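What follows is a short report on a single structure.
In the text below, chain A, chain B and the rest are named by the order of the sequence lines, each starting its count at 1. Treat the numbers as computed from the prediction; the structure is a model and nothing was measured.
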Amino acid sequence: MYNTLTKRKEPFRTVAPNQVGIYLCGPTVYDKAHIGHMVGPVIFDCVKRYLVYCGYKVTWVVNITDVDDKLIAKANERGISMLEVAEENIADYNDNLAALGVDQIDHFPRATECMNEIIGIIESLIEQGYAYESEGDVYFDVGKDSDYGKLSNRTLEAMQGEGGGTAARKRGLADFALWKVAKAGEPSWESPWGQGRPGWHIECSAMSKKLLGETFDIHGGGLDLVFPHHENEIAQSECCHGKPMVTYWAHNGLLRASSAAGKVGGRGEREAADEGGKMSRSKGAGGLADLIGRQGGERIRFFLLRTHYRSTVLFNEPAIEEAGTGLDTFYRFFKRYERVTGQNVYDLEVPKTRAAGEIVAGPSELLAEVAELRNKYLKAMDDDFNTGGAIGELFELVRKLNKYCDDHELESPNKQSAKAEPFIRGTTTLRELASILGIFSKPAAAARGADDQLLGQIMQLVLDLRTEARANKNFATADAIRDGIGPLGITLEDRAGGTEWSGGGDSTLDGIMQLLIELRQTARANKDFATSDTIRDRLAELGVTLEDRPGGTEWSQG
RNA sequence: GGCGCCGUAGCCAAGUGGCUAAGGCAUCGGAUUGCAAAUCCGACAUCCCCGGUUCGAAUCCGGGCGGCGCCUCCA
C-alpha cells in the first residue's frame, strides 16, 4: 500500500491483529456534492470490500463537517439555519453514495455531534503547551511541533500562513485556529474560552480518536487535503497523544475537466463561472444527481475504478459512456448466462472470502484458466489496490467464458449439461471478483425517464409500419398491429391527419417490442427482408438493437 | 519562487529493471448470420526528447520539452 507519509509502497500491517480502521475525510456540506466528491468514497468502498474479503475486520468512518464559515455564509444567504443547510446537503450526499453503490460505511459522525471530544483535545493541547488562547480564539503553535510539515514536505519558512484579519492574534503566521470566537448571530458552543466554534481541522482529530482510537491504520482523502488539512490533523493528534496518528496516509488523485485546466469544482472552474459562466457547470461541478440520472451509478463507479486511484482522472461524459460500452459486454454475458442455465446471474451464491473463492481446478481447462486470471486479479489488488489492472482481468475472464460457451455450444438445446458446470463455476468467480469492486451485485438501474421517451419513438415506428401496410392494402398486418397493442393499454385512433395513440404503462415498452419482433419474424418467414430490415434499422436509429438467436430475438437498449 | 505529480497505440489505460509492453473504446480483416447484431479469431505501440548507469531500461539517474496539482476554501 502506498503511503503519502513515506512516499513509497509498504507492506500492509495493521495496528491490531486482523483489524483495520479507516478514516476518510468526507464533505463539508455547504453545497450539493459534485462527482469529485465521489472518488474517495468509491475507492475506499473497494478498499474495505477487499480487506474484508481478505479476512480483516474493518471499521470505516466517513466524517461530515457540518460547521464551517461557508455553511454559515450559505445559511445567511438563504435565510435558513446552518443545520438546515447541512441536512439538505447530507441527504444529497447520501443519495449519491447510494446510487454509486457505496454502502460499506460504518460511521458517519458529524462535527457538531462531537463538541465534547473537540474541546477535550484543544484543552489537552493547551495544557501541554502546544496551543494558546488569544482573544477567544485558540491557535495551534506550529513552532512547538518539531515534526510539522512531515506529510506535505514543507518547512516552516516556506509557509505563508493564513494572514488576513486574524494574523494579529497569532504568534506565528503559520499557526492555525483550533477554536474560533463566535461573532454575533453565528451558531456557537460553550467552551472554556467562551462561546465559539471549532476550526476546520480539529473535528477530524476528534472524530477519528473517538471512533478509531489514537493510532489507526488508514487515513484517506483527496490529494488536495494533504496540506493544510491533513498536515494539521497530524500535528494536533500527535502532539496531543504523543504517538503516531495513522500508519498509512492514502490520497486519491483529483478529477479534472478534460477541456480546461484545473480540477473539477476547483478554483479555475469557480473563476470561470464568476466571469459569466462560460465554462459549463455540467462539466463536473454540480449536477451530480443529473449525471447519475443520465448515466446510472454503476457506469460512473466503473469509470472511476478503471484508473488507479492515485492518478488524475480526466472527467467528461463521453468517457463515462465509453466505460458504459465496456460494461455492456458484461451485461450481455449475464443474459447469455441466463439463456444457458435458466438461472439469473445475480442469484448466484458468491464466495465472500479469498479462501472460500479458491478454485479447485480439477480436470477442467476452463477452470485452470479462470484460476490463473483470478490470481492475476488478486495480485493487482494486492499491489496498492490496482483496480485498473484488476478490471483488465475481468474482461479477459468474460472472454474466456464466452469462448467456452461458443466452443461447447452451451446455448444449443441438446447441450451436454455436464459441460455447463465449469461455466457456472467460472461465472461464479466473475461475480466474486466483481463484488470486490462493488459491481454486478444487482441489475444496473435503467437511466431515469429514458423509457418514456423511447416508448414515444417506438410507437411512431409502429404507426409508420401500420400506415404503410394500410397503404399497401395489407390489412392483415395493419390489424395485427392494432390488435396487438390494444391489450398493452394503448388505443389507436385513425384520423384524417394521421393516427393518434394514447395510453400505455410501465410494461408497455416491452410489449410493443415483442409485437415488433413478431412482425419482423413474420416478414422474415415470408422472405420479406425489406420489411424486416426496416424494422431493425429504424430501431437501431433509436438505440435499440435486436439480436437473433436460435431461441428467438432479444432486444436491448444501447 | 517553494513542494509534488504526470507524459505508454487515434482515444482511455495497466505494467516501474529481464518471458511475445495487460485490458477497454474506436478502426480494419476473418469465422458465424438471409443481411445484421452479439460472440469468437486476427491486425494495430521500439513506451515525449537527449545523455548516462547496467549484460539488459517504458521502468533507475541527470538534463530538456510539455501537461497538471498544492502552497488560500477544496474530495
Side-chain angles (χ1 to χ4, degrees), chain A residues 4 7 9 24-28 30 33-44 62 68-70 73 149 152-155 157-164 174 200 220-229 231 251-256 258 261-268 270 285 302-303 306-308 310-314 318-319 321-329 332-333 335-336 376 380 383 386-407 411 524 527 529 532-533 536-537 539-540 544-549 553-556 558:
Chain A
T4 309
K7 289 168 187 61
K9 286 183 199 168
L24 175 69
C25 281
T28 302
Y30 65 96
H34 59 69
I35 186 168
H37 291 119
M38 296 294 118
V39 179
V42 166
I43 179 63
F44 283 96
V62 177
D68 150 279
D69 289 352
K70 286 198 295 268
S152 58
N153 196 20
R154 276 155 221 263
T155 57
E157 295 74 53
M159 227 72 77
Q160 294 173 8
E162 253 175 62
W200 173 32
L223 209 46
D224 51 354
L225 294 182
V226 173
F227 186 90
H229 187 54
E231 192 70 71
H251 292 97
N252 60 268
L254 304 177
L255 240 45
R256 198 156 64 82
S258 48
K263 66 190 177 188
V264 167
R267 178 168 43 186
R270 286 195 301 274
F302 190 70
F303 167 77
R306 281 198 314 173
T307 310
H308 186 94
R310 283 191 282 119
S311 306
T312 302
V313 175
L314 264 52
E321 271 154 24
E322 190 195 297
T325 305
L327 271 181
D328 288 341
T329 299
R332 273 187 235 104
F333 173 75
K335 285 187 185 170
R336 189 176 200 186
K376 286 165 97 175
D383 183 9
N386 183 357
T387 56
I391 283 173
E393 307 306 332
L394 242 36
F395 276 102
E396 294 262 322
L397 181 50
V398 77
R399 196 178 76 229
K400 290 272 190 263
L401 292 168
N402 266 320
K403 183 169 171 53
Y404 183 88
C405 208
D406 284 356
D407 289 350
E411 288 192 70
R524 289 172 76 204
K527 303 277 186 226
F529 292 122
S532 67
D533 288 354
R536 191 176 57 202
D537 293 347
L539 286 172
V544 173
T545 45
L546 296 183
E547 299 176 27
D548 294 329
R549 295 215 164 70
T553 302
E554 286 195 6
W555 69 281
S556 59

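- Spacing between atom CG of Asp537(A) and atom C1' of rA36(B) amounts to 8 Å, rounded to whole angstrom units.
- Checking rC25(B), rA75(B), rC40(B) against the side-chain heavy atoms of Thr329(A) singles out rC25(B) as nearest.
- OP1 or OP2 of rA14(B) has not a single side-chain nitrogen or oxygen of Asn386(A) nearer than 4.0 Å.
- The distance from atom CD of Glu321(A) to atom C1' of rG24(B) is 16 Å, rounded to the nearest whole Å.
- Considering only side-chain atoms of Asp224(A), the nucleotide from rC70(B), rG24(B), rU39(B) that sits closest is rC70(B).
- Across all strands shown, rG29(B) pairs with rC41(B); the Watson-Crick or G-U wobble distances both stay below 3.5 Å.
- Taking 4.5 Å as the limit, some side-chain heavy atom of Phe333(A) sits within range of a side-chain heavy atom of Leu401(A).
- Nucleic acid contact for Leu225(A): sugar-phosphate only, since backbone atoms but no base atoms lie under 4.0 Å from a heavy atom of the residue.
- Using a 4.0 Å heavy-atom cutoff across all strands shown, His308(A) reaches sugar-phosphate atoms only and no base atom.
- In this structure, Arg336(A) places its CZ atom 8 Å from P of rC40(B), rounding to the nearest Å.
- In this structure, Thr28(A) reaches the rA75(B) phosphate: one of its side-chain N or O atoms is under 4.0 Å from OP1 or OP2.
- As judged by a 4.0 angstrom heavy-atom cut-off over every strand, Arg332(A) is placed among residues touching the sugar-phosphate backbone only.
- Ranking rC3(B), rC25(B), rC40(B) by closeness to the Asp406(A) side chain, first place goes to rC40(B).
- Residue order along RNA chain B, read from the 5' end via each residue's closest nucleotide, puts Thr312(A) first among Thr312(A) and Asn252(A).
- Within 4.0 Å (heavy atoms only), Glu322(A) reaches at least one base atom of the nucleic acid.
- Here the P atom of nucleotide rA37(B) and the CD atom of Glu554(A) are 17 Å apart, to the nearest Å.
- Computed from coordinates, the Lys527(A) NZ to rC35(B) P distance equals 11 Å when rounded to whole Å.
- If you check distances only, the side chain of Asp548(A) never reaches the base of rG34(B) with a donor-acceptor pair under 3.5 Å.
- Note: CZ (Arg306(A)) to C1' (rA22(B)) measures 15 Å, nearest angstrom.
- When side chains are defined from C-beta on, Lys376(A) does not count as touching Glu396(A), because their heavy atoms never get closer than 4.5 Å.
- A close approach under 4.0 Å does occur between a side-chain nitrogen or oxygen of Arg399(A) and OP1 or OP2 of rC41(B).
- Taking every side-chain heavy atom of Lys403(A) into account, rC40(B) is the closest of rG23(B), rC25(B), rC40(B).
- Computed from coordinates, the Arg310(A) CZ to rU16(B) C1' distance equals 11 Å when rounded to whole Å.
- Of the candidates rC35(B), rA38(B), rC71(B), the closest approach to any side-chain atom of Glu547(A) belongs to rA38(B).
- Looking at heavy atoms from C-beta onward, Val313(A) lies out of side-chain contact with Val39(A) at the 4.5 angstrom threshold.
- If you check rA58(B) for Watson-Crick or wobble pairing at under 3.5 angstrom, you find it has no partner at all.
- Nucleic acid contact for Gly220(A): none, since no nucleic acid atom lies under 4.0 Å from a heavy atom of the residue.
- Comparing Pro27(A) and Leu546(A) against RNA chain B, the residue whose closest nucleotide sits nearer the 5' end is Leu546(A).
- Here the separation of rU39(B) from rA57(B), taken at their C1' atoms, is 39 Å to the nearest Å.
- Across all strands shown, rU53(B) forms no Watson-Crick or G-U wobble pair with both key distances under 3.5 Å.
- Side chain of Arg524(A), nearest nucleotide from rC71(B), rG34(B), rG24(B): rG34(B).
- Under the Watson-Crick or G-U wobble criterion, with both distances below 3.5 Å, rG1(B) is paired with rC71(B).
- Nucleotides rC55(B) and rA14(B) place their P atoms 32 Å apart, quoted to the nearest Å.
- Residue Glu231(A) comes nearest to Asn153(A) through the heavy atom pair OE1-N, 4.3 Å, listed as atom of the first residue, atom of the second, then distance.
- A 4.5 Å side-chain heavy-atom check between Glu322(A) and Arg306(A) finds at least one atom pair inside the cut-off.
- You cannot call Phe395(A) stacked on the base of rG24(B); the centres under 5.5 Å and planes under 30° rule is not satisfied.
- Atom-to-atom, NZ of Lys9(A) to P of rG15(B) comes out at 6 Å; the value is rounded to the nearest Å.
- rG66(B) is paired with rC6(B) under the Watson-Crick or G-U wobble criterion, all donor-acceptor distances under 3.5 Å.
- Under the ring-ring contact (aromatic ring centres under 6.0 Å, His included) criterion, His229(A) pairs with Trp200(A), His201(A), not counting sequence neighbours.
- Gly40(A) comes within 4.0 angstrom of nothing in the nucleic acid, heavy atoms only.
- Of the candidates rA38(B), rA14(B), rA75(B), rA75(B) carries the atom nearest the Val39(A) side chain, counting heavy atoms from C-beta on.
- For Arg549(A) and rA38(B), the shortest distance from a side-chain N or O to OP1 or OP2 is not below 4.0 Å.
- Using a 4.0 Å heavy-atom criterion, one finds that Asn402(A) contacts the sugar-phosphate atoms exclusively.
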